[in-house]
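The block underneath contains the structure these notes are about, expressed in structure tokens.
Every chain is numbered from 1 and lettered A, B, ... according to where its sequence line falls, protein lines coming before strand lines.
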2 protein chains.
Amino acid sequence: MAHLDALERAESIAEIGASLQATLGSLGFDTYSYVHVRPPLGKRIRSFVPPSSQDGRVVHEFLATFPDAWVEHYILQGYGDVDPTFQAAMGTILPFSWRDLGGRNDLSSGQRRVFDEARDFGLSMGATIPIHGPESGLSTLNVSASGGHEKEFEENYQAGRQDLLWVAVQTHEAFLRLSEDAPEQGRVRLTDRERDCLLWTARGKTAWEVGQILAISEETVLFHLKNGTRKLGVFSKHHAVVKAVMQGHIIP
Amino acid sequence: MAHLDALERAESIAEIGASLQATLGSLGFDTYSYVHVRPPLGKRIRSFVPPSSQDGRVVHEFLATFPDAWVEHYILQGYGDVDPTFQAAMGTILPFSWRDLGGRNDLSSGQRRVFDEARDFGLSMGATIPIHGPESGLSTLNVSASGGHEKEFEENYQAGRQDLLWVAVQTHEAFLRLSEDAPEQGRVRLTDRERDCLLWTARGKTAWEVGQILAISEETVLFHLKNGTRKLGVFSKHHAVVKAVMQGHIIP
DNA sequence: ACGGCATCCCCCCATTTCTGGGGGGATGTT
DNA sequence: AACATCCCCCCAGAAATGGGGGGATGCCGT
């Protein structure tokens, strides 16, 4: 796993790609795709602006050596919402081989089509490593081998699972580190009280109730909520509690 | 990593514990705690009840060889909401050593107290492996070594990071597999409109704004929000949006 | 073809809560 | 002394809550 150091220190998306190629190659997988889904975290807009078609949509980011034609087809068809590997990745944190998908829960016709069409592009044997990130993000690292027999691939996968997971985690971190064009302005610092108030608000309590819980007055709760909301750069408690949860300040 | 097979096949919490003890021991860590946090999916309580004991609080499930007195103290004090290792775990998917927490972002006094008191119980050197599960669940595997020097521990940790991650993931899966008394029952069915309204509310829009976005009247938005809030078993939009996010109905 | 059912849309009301400003003062720490 | 944090209070206008009342589509099974 010598290539991993490079992954940790990668300074561009391209370097991540090269590092992945080398690392995964040494594990016996010759193509891969890394998919990153990220909810677009709030811009600070007070005056109402009607959102454009794209605004607010989940962002899919690709980094892949899968056949270009397939990737293009995939995006064009909006397979991201159907892809059975993605569906499965949402439900587990363990790597899995694509072979294991057919048997367990039957695939819908749409899902089967994704698989069938992938096979036409030479992607028949593969495995997916799900990465559930903070802020409810989900990424998958998909690896595939174009040549060889299935038995060989499965042995390769079984032997390499642990390494694959580590690679996936490192990739996710490297990717996050680099794609932070809007790096959240570095997670704001909330005071203990602001956290407390947001926490209990997220748990459905009114300001008065939070006051009772924390043994302070409703006014003070409102005061802390106002400050916390402002720090988070939003304009309502609804948005503030969601953002506080997404940024990991509180666990509701 | 011979003990891992046992972890994958464990059929009781106790077996997980034994397997962890053995595996982590071989990596040089003599105590551990595994904490599984699960937001308490809905009790329907309207009348205000002071949440002195468990009500509304995140459910922490423990499996640990940490000193009993410490665990008890931890739970009693509700440290789960403050614990800096937990705060940090919420923000990353990489394992980290407790040593790295002090420097980066200064701890609040409440957080520092958790650390100081932990040290009094013999927990000074340690590392945390965060596991972000599906449905926004978070678990941490905390390992510690009571004897030895700090330098030695850090070397141990650096060398074992990859193994620790794998152990943590396997533990999480084993734990989930066994503690699946209530796997999916909480998830309600929302209509498209209810989802839409909750989504844009979670993004900080008022009911009127959501109406503009969806091209329906504010009244209708309120209507859908009322229904969605009721379906989710809560009594305010704050709680509803948080819950909708946690249950994966919407991605803000 | 019919009723039941879910979904979606609109409107009204009284009451409570939140928002976003302002003004204080009390602790601590740096 | 400056600073952050925490606590309390006031106000006016906006928004949410929790009820009620309609009607409009479809889709289902009988």
*To the nearest angstrom, how far is B:Asn227 atom CG from D:dG19 atom C1'?*
12 Å
_Whole angstrom value for the distance that separates C1' of C:dT19 from NZ of A:Lys237_ = 10 Å
_Just the rounded figure in Å: distance from C1' of C:dT7 to CG of B:Leu225._
16 Å
*asked:* I need the CD-C1' distance between B:Glu209 and D:dA14, as an integer number of Å.
replied: 12 Å
_Heavy atoms from C-beta onward define the side chain here; which of C:dG20, C:dT7, D:dA16 lies closest to that of B:Lys231?_
C:dT7
Tabulate protein N/O versus nucleotide N/O from nucleotides 6-12 of chain D, keeping only pairs under 3.5 Å, one per line.
from	atom 1	to	atom 2	distance (Å)
D:dC6	OP1	A:Asp192	N	3.4
D:dC6	OP1	A:Arg193	N	3.4
D:dC6	OP2	A:Thr191	OG1	2.2
D:dC7	OP1	A:Arg193	NE	3.1
D:dC7	OP1	A:Arg193	NH2	2.7
D:dC7	OP2	A:Arg193	NE	2.6
D:dC7	OP2	A:His224	NE2	3.1
D:dC8	OP2	A:Ser217	N	2.7
D:dC8	OP2	A:Thr220	OG1	3.0

*Using the side chain to side chain contact (heavy atoms under 4.5 Å, CB included) rule, take B:Thr220 and B:His224 through it: C-alpha gap first, then chi angles, then the decisive distance, then the call.*
CA-CA 6 Å; B:Thr220 304; B:His224 290 304; 3.5 Å; yes
*Apply side chain to side chain contact (heavy atoms under 4.5 Å, CB included) to A:Thr206 and B:Ser236, showing your working.*
CA-CA 8 Å; A:Thr206 66; B:Ser236 73; over 6 Å; no
*Is there a side-chain contact between B:Lys226 and B:Arg230, using heavy atoms and a 4.5 Å cut-off?*
no
_Audit row: B:Val143, B:Leu164, side chain to side chain contact (heavy atoms under 4.5 Å, CB included) steps and yes/no_ = CA-CA 9 Å; B:Val143 297; B:Leu164 284 174; 4.2 Å; yes
*Taking NE2 from A:His238 and C1' from D:dA14, how many angstroms apart are they, rounded to a whole number?*
12 Å
*Begin with the C-alpha distance, continue with both residues' side-chain angles, and end with the deciding distance and a verdict on side chain to side chain contact (heavy atoms under 4.5 Å, CB included) for B:Ile131 and B:Thr140.*
CA-CA 6 Å; B:Ile131 301 292; B:Thr140 58; over 6 Å; no
*asked:* Just to be sure I understand the rule, does A:Leu222 reach a base, reach only the sugar-phosphate, or reach nothing, if contact means heavy atoms closer than 4.0 Å?
replied: base
*Can you check whether B:Leu232 reaches B:His239 side chain to side chain, under 4.5 Å on heavy atoms?*
no
